[in-house]
Amino acid sequence: MIEKILVGNRGEIALRVIRAAREMGIQSVAVHSTADADAMHVRMADESVCIGPAPGTQSYLSIPAIIAACEITGAQAIHPGYGFLSENANFVQIVEDHGLTFIGPTAEHIRVMGDKITAKDTMKSLGVPVVPGSDGGVPDVEAALKIGEEFGYPVIIKATAGGGGKGMKVANNADEMKSAFQTARAEGKSNFGNDEVYIEKYLQKPRHIEIQVFGDGKGKAVHLGERDCSLQRRHQKVFEEAPGPAISPEERARIGQTCAEAVARINYIGAGTIEFLYEDGEFYFIEMNTRLQVEHPVTEAIFGVDLVREQIRVAEGLPMSFSQDDLEINGHAIEVRINAERLPNFAPCPGKITQYHAPGGLGVRMDSALYDGYSIPPYYDSLIGKLIVHGRDRPEALARLHRALGELIVDGIDTTIPLFDALLAEPDIQSGDYSIHWLERWLDANMAES
Ligand code: ADP
């Protein structure tokens, strides 16, 4: 049994894991950079180890430092959170080679899903519907132009190794193809060291719908419905909800079952998310994330389960604590991402928090590592908190979000809180009528960069 877990992350997600471990009677070890010596995750864990200087590449991404921290503290398992080393197959291999447990999927599954072309092929062969496009990689512009003609413009060129919105370019016509193709390639090369690209039909008004799956690694898997994450800026999610306002119970059951069966067949272990674009009643697979997602709390809220606890259980070889029949949706949940960013152009805004007050009350969850007097370092992601609300239905969740945002105080820096106040006043948000392009258009019309 796991008695001590090292949390290979920082910020709110590190607290999330420490909390689950503590409720299970498991000790936690925080790792931190020199810039994070005063961070909340260091204070909250049972033990902590400094693993290097401020830049992530020398601390949170340093595999030798993290393995050494396990050896020093006697931690038997590592939870990677999201980002950093969470989807690094090489890291998982090294963890296992050291006789430690990685709380997450196998290196092989991470490798397969981390390469988008292989992931798409795999999913297709497992019966999951995919976006129409090139059959695998596209070698040159000539081949790309042929595909453009075949599928019709616009198309999107994507780096097979891409992630976080990087390495994707849209071509609206043959003239744009050449530069879009080369840019996607160059971004793939410079960001991920891999210039292979593929092409997909660019859907006009899809929603981003992702299915939460969970497997026991022994051929059993369930789905926990969908999250609608269509509200995005530069392909980055800012507002997520579950269930999706546009998805019917029949559609959910059908796509959910397809996804659960697919991951069961590959003996997937732990939490995973299968991402789709959804348009005119059809689902199109785009990628699978082999980790806990930032937005997992909305799923936890409506199903009443603790996904991190479940991850730890299956990593210990225990069965999942629920079956598909136990999973029933209760109400509606919404998450908004509070970033240390200055509107209207979302410039990172690190600095000292002079006052922090978290909202509370029925159906309100604030996942954040902030505290009064904390200084947000400039080296990491700008996400500083997630406000999650849960209501009996969508209108109640929206009203609760409005109320909770009114209570939330983050002084000393600029944040994205005013964005959500403004969004809640929009009829389309109130009715749930939005696609992946809605937010960009709204920002152009309402928050022209000064
Ligand atoms: P990343 O790994 O960088 O997050 P994804 O493949 O998940 O990339 O795509 C991110 C977002 O890009 C999607 O949520 C969607 O908004 C947009 N996108 C991706 N593929 C398409 C497509 N074929 N048509 C329209 N939009 C797309």
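Whatever order the structure lists ligands and atoms in, that order sets their numbers, starting from 1.
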Carboxylate-amine/guanidinium contact [X] [Y], below 4.0 Å:
X      : Y      : result
Arg227 : Glu241 : no
Arg313 : Asp306 : no
Glu396 : Arg400 : yes

Write out each pair where an N or O from ligand 1 and one from the protein are under 3.5 Å apart, with the distance.
{"unit_1": "ligand 1", "atom_1": "2 (O)", "unit_2": "Lys116", "atom_2": "NZ", "d": "3.0"}
{"unit_1": "ligand 1", "atom_1": "2 (O)", "unit_2": "Glu287", "atom_2": "OE1", "d": "3.2"}
{"unit_1": "ligand 1", "atom_1": "2 (O)", "unit_2": "Glu287", "atom_2": "OE2", "d": "2.9"}
{"unit_1": "ligand 1", "atom_1": "3 (O)", "unit_2": "Gly164", "atom_2": "N", "d": "3.1"}
{"unit_1": "ligand 1", "atom_1": "3 (O)", "unit_2": "Gly165", "atom_2": "N", "d": "2.5"}
{"unit_1": "ligand 1", "atom_1": "4 (O)", "unit_2": "Glu287", "atom_2": "OE2", "d": "3.4"}
{"unit_1": "ligand 1", "atom_1": "6 (O)", "unit_2": "Lys116", "atom_2": "NZ", "d": "3.1"}
{"unit_1": "ligand 1", "atom_1": "6 (O)", "unit_2": "Lys158", "atom_2": "NZ", "d": "3.2"}
{"unit_1": "ligand 1", "atom_1": "7 (O)", "unit_2": "Glu275", "atom_2": "OE1", "d": "3.2"}
{"unit_1": "ligand 1", "atom_1": "7 (O)", "unit_2": "Glu287", "atom_2": "OE2", "d": "2.7"}
{"unit_1": "ligand 1", "atom_1": "8 (O)", "unit_2": "Lys116", "atom_2": "NZ", "d": "3.1"}
{"unit_1": "ligand 1", "atom_1": "12 (O)", "unit_2": "His235", "atom_2": "ND1", "d": "3.0"}
{"unit_1": "ligand 1", "atom_1": "14 (O)", "unit_2": "His208", "atom_2": "ND1", "d": "2.9"}
{"unit_1": "ligand 1", "atom_1": "14 (O)", "unit_2": "Gln232", "atom_2": "OE1", "d": "3.4"}
{"unit_1": "ligand 1", "atom_1": "14 (O)", "unit_2": "Gln232", "atom_2": "NE2", "d": "3.0"}
{"unit_1": "ligand 1", "atom_1": "16 (O)", "unit_2": "Gln232", "atom_2": "OE1", "d": "2.9"}
{"unit_1": "ligand 1", "atom_1": "20 (N)", "unit_2": "Lys158", "atom_2": "NZ", "d": "2.9"}
{"unit_1": "ligand 1", "atom_1": "23 (N)", "unit_2": "Glu200", "atom_2": "OE1", "d": "3.1"}
{"unit_1": "ligand 1", "atom_1": "23 (N)", "unit_2": "Lys201", "atom_2": "O", "d": "2.9"}
{"unit_1": "ligand 1", "atom_1": "24 (N)", "unit_2": "Leu203", "atom_2": "N", "d": "3.0"}

**OP:** Would you please classify the geometry between the Tyr202 ring and the His437 ring as parallel, tilted or perpendicular, with 30° and 60° separating the classes?
**Re:** tilted

**OP:** Tell me, please, whether Tyr434 has Arg207 positioned over its six-membered ring: NZ or CZ under 6.0 Å from the ring centre and within 45 degrees of its axis?
**Re:**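 Geometry flag: set, cation within 6.0 Å and 45°.
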
Subject >> Donor + acceptor pair across side chains of Tyr278, Glu251 (<3.5 Å) >> reply: yes

